[in-house]
Amino acid sequence: MSVVTETISANLRRVGECIARAASRANRDPAEVTLVAVTKTQPADAIRAAYEAGVRHFGENRVQEWETKRPLLEDLQATWHLIGHLQSNKVPRAVRLFTRVDSVDSVALATRIDRYAAGDNATVPILIEVRMDPAPTKEGVSPETIHEIADAILALPRLQLRGLMCVPPLFAEAEQVRPYFRGLRQLRDTLVRHYGIALPELSMGMSHDFEIAIEEGATHVRIGTAIFGRRPPA
Ligand SMILES: *Cc1c(COP(=O)(O)O)cnc(C)c1O
């Protein structure tokens, strides 16, 4: 095994142990928590190493970057999540390149994904990205207007709404993020009651705070740095 492969599999073991401990603190089955390995800036070899260590869900935040790596990884049977902001002109490519879109944040975007998915006779699993803090510059829909986008998505035949996703602000103390995660879960519960549908997925928690997210109900944790090491500055 190369040094890179060894490091990645050791990191994955450690992350897996933390996931299991956080789940048990919350009386949850660790199997309810899916690890999404976030591979932005990582080379195809690192993605393959994580796959060989057992990872089956991967997240990328840019369409172009994934477009360059994907041909090197066509043989992997994995679920490819788009987790970053999607521009409307990139929707046709995104729908081809990703299994699902976890960052749907406007009615216009949802409508466009539905339109392009129709060509393949496919359905696209999606999450609504919610902006849990009031900072207006951040991406995501506000909790106050979520019914508008949820109504639209539920009327689009090719979209399969699976749940909610959030990227809360970064705090010095990870514990400060807990109310945001709890808020996302409560918002999900509100939607489930309002629409009478199942919304099983909550994608929340990154390298520095995923244990808190699991305690608050995360079903998907998106982890990059803790698996692959620090990314080069953007
Ligand atoms: C980069 C990224 C992550 C992973 O962040 P780490 O701190 O490296 O674990 C998770 N979610 C989104 C949306 C990201 O862009």
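For reference, positions follow the sequence shown, starting with 1.
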Point to revise | Within one Ile-Leu-Val-Met-Phe-Trp-Tyr cluster: Val141 and Leu187, side-chain cutoff 4.5 Å | key: yes
Point to revise | Pairs involving residues 199-212, ordered by first then second residue, that meet salt bridge (charged side-chain N to carboxylate O under 4.0 Å, His left out) (sequence neighbours left out) | key: Arg25-Glu211, Arg100-Glu201, Arg162-Glu201
Exercise for review: Hey, could you give me each pair passing salt bridge (charged side-chain N to carboxylate O under 4.0 Å, His left out) that has a residue in residues 34-51? Not counting sequence neighbours.
Suggested key: Arg48-Asp75
Show me the side-chain donor-acceptor pairs of residues 83-90 shorter than 3.5 Å, one per line, residues at least two apart or across chains.
from  : atom 1 : to     : atom 2 : distance (Å)
His85 : ND1    : Asp105 : OD2    : 3.1
Gln87 : OE1    : Lys90  : NZ     : 2.5

Review point. When the ring planes of His220 and His57 are compared, do they come out parallel, tilted or perpendicular, using 30° and 60° as the limits?
Key: perpendicular
Check your understanding: Does Glu175 have any side chain to side chain donor-acceptor pair (under 3.5 Å) partners at least two apart in sequence or in another chain, and if so, which?
Key -> Arg178
Point to revise | Thr39 vs Glu60, side chain to side chain donor-acceptor pair (under 3.5 Å): CA-CA, chis, key distance, verdict | key: CA-CA 6 Å; Thr39 53; Glu60 287 270 346; 2.6 Å; yes
Exercise for review: Sequence neighbours left out, what passes side chain to side chain contact (heavy atoms under 4.5 Å, CB included) with Gln186? Give chain and number order.
Suggested key: Arg182
Check your understanding: What pairs with Glu148 under side chain to side chain donor-acceptor pair (under 3.5 Å), at least two apart in sequence or on another chain?
Key -> none
Practice item. Please work out whether the ring planes of Tyr51 and Phe58 are parallel, tilted or perpendicular, with thresholds of 30° and 60°. Key: parallel
Check your understanding: Which heavy atom in Leu127 sits nearest to a heavy atom in Ser203, and how many Å separate them?
Key -> CD1-CB, 3.5 Å
**Study point:** Within one Ile-Leu-Val-Met-Phe-Trp-Tyr cluster: Phe228 and Ile223, side-chain cutoff 4.5 Å
**Key:** yes
Check your understanding: Would you say Arg185 has more than 12 foreign heavy atoms packed within less than 6.0 Å of its CZ?
Key -> yes
